[in-house]
2 protein chains.
Amino acid sequence: MQHLLERVDTAALRARRLRLMRAAGGRAVLFAGAAPPRNYPANTYPFRASSHFLYVVGVPIERAAVLLEGERFTLYLPDAPADDALWHGPPIPRGLLAERLDCEVRSLDELPAALQRGEVATVPALDAETRALQSRWLGRPVELGRIDRVDERFVDALIDARLRHDEAAVAQLRLAVEATAAAHRAGREAARVGAREWEVRAAMEAELLARHCTTAYPPIVTVHGDVLHERHHHRVLRETDLLLADVGAETAGGWAADVTRTWPVGGRFSPTQRDFYALVLAANEAAIAAVRPGVRFRDVHLVASRVLAAGLVELGVLRGDPDELVADGVHALLFPHGVGHLLGLDVHDMEDLGDRAGYAPGRTRSTQFGLCYLRLDRDLEPGMCVTIEPGLYRVEAILHDPRLEPLARDRLDRDRLARFADVRGIRIEDDVLVTAHGAEVLSAAIPKAPEAVQR
Amino acid sequence: MQHLLERVDTAALRARRLRLMRAAGGRAVLFAGAAPPRNYPANTYPFRASSHFLYVVGVPIERAAVLLEGERFTLYLPDAPADDALWHGPPIPRGLLAERLDCEVRSLDELPAALQRGEVATVPALDAETRALQSRWLGRPVELGRIDRVDERFVDALIDARLRHDEAAVAQLRLAVEATAAAHRAGREAARVGAREWEVRAAMEAELLARHCTTAYPPIVTVHGDVLHERHHHRVLRETDLLLADVGAETAGGWAADVTRTWPVGGRFSPTQRDFYALVLAANEAAIAAVRPGVRFRDVHLVASRVLAAGLVELGVLRGDPDELVADGVHALLFPHGVGHLLGLDVHDMEDLGDRAGYAPGRTRSTQFGLCYLRLDRDLEPGMCVTIEPGLYRVEAILHDPRLEPLARDRLDRDRLARFADVRGIRIEDDVLVTAHGAEVLSAAIPKAPEAVQR
């Protein structure tokens, strides 16, 4: 922890706090949270501090809390058990904390009294133990997934602040993408015919760990790209398989990358794989080209959808006018998810606040199949970071879902689609930072199988 | 999951259940539990099923429960959300589950009604969400760390069953140790002067992941062995450092290994490092030699303590009669923890039940410094698996603790100890299976720096 603290950007954290509390007014408390137990209380999962806490504190300090009152900033630390130094080493010197975080440091025992001096806003902690503390100390029920009326102004100010990344945040995002690039390089090397998916995953994760990062989300490394969140990695890689690797780093400070690449295990696409891959790549490029300030993210989703629909018509898999197909959501039979989401301290940034972060006020999720999975519908602004991740999948559960048959009707040519049996799932995902006049692809250095488009 | 299910030892699981319920009588329900959220509800930690559930089911099935009634065994599965197949692939066929687990399979929705047909024992789940369900469905508060009177007989039968490993369990333990051996080999190779601790950790974890294992506990890979549970790995390895690596695999079925090795980064011990290392190795060997059926584990701890105390007297670090030093706990100033613990589905097996598993009825923890950390005090029986892990540490927090000064008095030669400044912490830990007439060191193939003892 001390080595992280020594590298913390004190000025950036101070600026975040001031901006946040100027917008929020009043007082607010944020809790770091506690590591949940795995198989017994002392054997916990690795501690991951709340992203909101990390946003203003910069370093993960288990069971700590911060009280924000105008320009005043107080860090409350749990008192360590008497024998803590034996098991976990000497505590971080409070003087160093006070200096590097530019704050007052007090004992957590003093927090309940401080909280009783008037209304204090908060954000529900992820772990039940900390939420129980929040409820008790704030004297009101604090529940995950519910934003209390007294918390609304603070939560909205927090969302507003976290939507647009400052320079310190962008530096962290670049660090995460850099580690991710190394992981993807290692993945390409490890993905040999006859290897198991979990060997590829191991090679990728090792690169993250070796850079003091962890995984920002459960890695997906699979020859079954048609299972969107596949968490099993037991399959043996075959010459004719496509391997889909959706692996992103999280820096020690908590910032995420989220990158997917799909490539042929044997080194060469089959003609059908190449057709679908080229289409996904075209959608990825078109959507990235659409990213700039002022653009509504749903329209970026529709740009990708339009490219995919038009291409699928050209390949004879869909029938009809591409615009109509997109309007009716027919393309979603093969591209069932959203084109991207916010990226920041969370891989789906601020998703703990539901759609309040991802959807602009007044906008709500569509009920249409496919579009209902779009996690972001805001007008883009400089400093926002989004993923762009179109894909094409042959998902049996979709293709055989009787509820979706009215969508398919005569517009999906199942015989034609059957020719693409060697494509299970392809996704190409990049991390894109909205700049003053356009966009920067943070993950541009991670190769996208350029051989695919050279016929 | 399906690939695990296909390899499950149906007969062994059936035998466990029958033995367990014959001893427990009545009815019992065990819950697999749910993966806790990490930074937002959909981004969870990797799911780890309850060890008690794994003991009778063999495979991790999130949110499932099993009802045990005499010879009857029913698995209750949560109904998947409508779009689950899109995100997570097709569900495991219920017929396969029923066949491989030799049980009836029902919907979790039917469990509450089944639980109301009379008294049912249980074990508290680790995650708060599942515990809330348990409390509601059983109509009584179920709390972590508290064993209800109605659960006692079942819990004791479960402990009794899990204390002695059957052949299927031993096969899993061997698998865990095998992966651990590969990790330690990789660690030795990666531990070059100038590397960071986290690079060594990465190389070790990659070997586990590449074998479809994970870490059974947070790995300790540190040149500061004096921090017993050091979780930071940022330091650069220097020529003169000792590197302590406490890393153990957990198999996909949940079985753990727990192995520590300590070696000189530069390849050669200094004379002081060699002295301390040889002493720890002698304690490790003496304690292992003491392991056999009928021996009280506290006596194994005392054997190791005696070797360390005598050696420290010989080196002039302690003064006095070794037996007296051990009786007074003076050796604990340099060997402050217990010599080992139970190993099985948990790395500290059944520690979720407190000392009920580790301590034989009528025995309780000592209040003496050092001995109070001993996690196991039972008479050993064939089939038990324990760790043997003596160590020597120069912990500043102990050496400067005024409460421990009466222990040190004139019996600790601080000037002499200061000569061993290049030893921070050394631990040598093996996994030892109690056999019919002695013991088998499962981790024997993992080298223990034999150069240390050749002077």
Side-chain angles (χ1 to χ4, degrees), chain A residues 1 3-4 36-46 48 50-51 83 85-90 126-129 144-145 196 198-199 201-203 205-212 216-218 224 226-234 254 336 345-348 350-352 395-398, chain B residues 1 3-4 36-46 48 50-51 83 85-90 126-129 144-145 196 198-199 201-203 205-212 216-218 224 226-234 254 336 345-348 350-352 395-398:
Chain A
M1 247 290 302
H3 62 287
L4 285 179
R38 194 170 172 270
N39 46 340
Y40 54 89
N43 201 29
T44 65
Y45 287 101
R48 207 297 184 165
S50 143
S51 294
D83 58 357
L86 169 59
W87 300 99
H88 302 114
L126 265 290
D127 66 294
E129 188 191 337
L144 199 55
R196 293 238 182 212
W198 57 52
E199 293 175 60
R201 179 186 166 187
E205 282 201 43
E207 293 292 329
L208 304 184
L209 289 172
R211 283 163 179 79
H212 198 205
Y217 52 93
H224 263 281
D226 52 320
V227 182
L228 295 191
H229 286 174
E230 179 61 277
R231 296 197 179 179
H232 301 297
H233 306 99
H234 60 285
L345 276 160
D346 306 303
V347 62
H348 296 165
M350 299 181 269
E351 197 176 287
D352 64 313
V395 183
E396 296 298 320
I398 292 178
Chain B
M1 247 292 299
H3 61 287
L4 284 180
R38 193 171 173 269
N39 46 340
Y40 54 89
N43 202 29
T44 65
Y45 287 100
R48 207 296 181 166
S50 143
S51 295
D83 59 357
L86 169 59
W87 301 99
H88 302 114
L126 265 291
D127 66 295
E129 188 190 336
L144 199 56
R196 293 235 182 215
W198 57 52
E199 293 173 60
R201 180 186 164 185
E205 281 201 42
E207 293 292 327
L208 304 184
L209 290 172
R211 283 161 178 79
H212 198 205
Y217 52 93
H224 263 280
D226 51 321
V227 182
L228 296 190
H229 285 172
E230 179 61 278
R231 296 198 177 178
H232 301 296
H233 307 99
H234 60 284
L345 276 160
D346 307 302
V347 61
H348 296 165
M350 301 182 268
E351 196 176 289
D352 64 313
V395 183
E396 296 298 321
I398 292 177

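In the text below, chain A, chain B and the rest are named by the order of the sequence lines, each starting its count at 1.
- For the residue pair H3(A)/H234(B), the side-chain donor-acceptor check at 3.5 Å is satisfied.
- Judged by distance alone, with hydrogens and angles left aside, the side-chain atoms of Y45(B) form a donor-acceptor pair with the main-chain N or O of P46(A) at under 3.5 Å.
- Without hydrogens or angle criteria, W198(A) side chain to A210(B) main chain gives a donor-acceptor distance under 3.5 Å.
- Residues N43(A) and A216(B) approach most closely at ND2-O, 3.0 Å, considering heavy atoms.
- Taken to the nearest 0.5 Å, the CG atom of L228(B) stands 4.5 Å off from the CG atom of L86(A).
- At a 4.5 Å heavy-atom cutoff, the contact between L144(B) and chain A is made by side-chain atoms alone.
- Heavy atoms closer than 4.5 Å to chain A are found in both the backbone and the side chain of E351(B).
- Contacts between L345(B) and chain A at a heavy-atom distance below 4.5 Å involve the backbone alone (N, CA, C, O).
- The main-chain N or O of H229(A) is never found under 3.5 Å from a side-chain atom of W87(B) such that the two would form a donor-acceptor pair.
- Atom CD of E199(B) and atom NE2 of H212(A) lie 12.0 Å apart (nearest 0.5 Å).
- Counting heavy-atom pairs under 4.5 Å between each of S51(A), A128(A), G89(A) and chain B puts G89(A) at the top.
- Contact record, T44(B) with R231(A): OG1-NH1, 3.6 Å, taken as the closest heavy-atom pair.
- Only the backbone of R211(B) comes within contact range of chain A, with heavy atoms under 4.5 Å apart.
- If you measure heavy-atom distances from L126(A) to chain B, the contacts under 4.5 Å come from both the backbone and the side chain.
- In terms of heavy atoms, A206(A) sits closest to A206(B) at CB-CB, 3.6 Å.
- Interface check for chain A: of the options A203(B), G254(B), G145(B), P41(B), the most heavy-atom pairs under 4.5 Å are formed by P41(B).
- Rounded to the nearest 0.5 Å, atoms NE2 (H348(B)) and CG (N39(A)) are 10.0 Å apart.
- Taken to the nearest 0.5 Å, the CG atom of L209(A) stands 15.0 Å off from the CZ atom of R196(B).
- When atom types are taken as modelled, the side chain of D127(B) and the backbone of P37(A) share no donor-acceptor pair closer than 3.5 angstrom.
- Interface remark: H88(B) contributes backbone and side-chain atoms alike to the contact with chain A (heavy atom separation under 4.5 Å).
- For the set V395(A), L208(A), D346(A), the count of heavy-atom pairs under 4.5 angstrom toward chain B peaks at D346(A).
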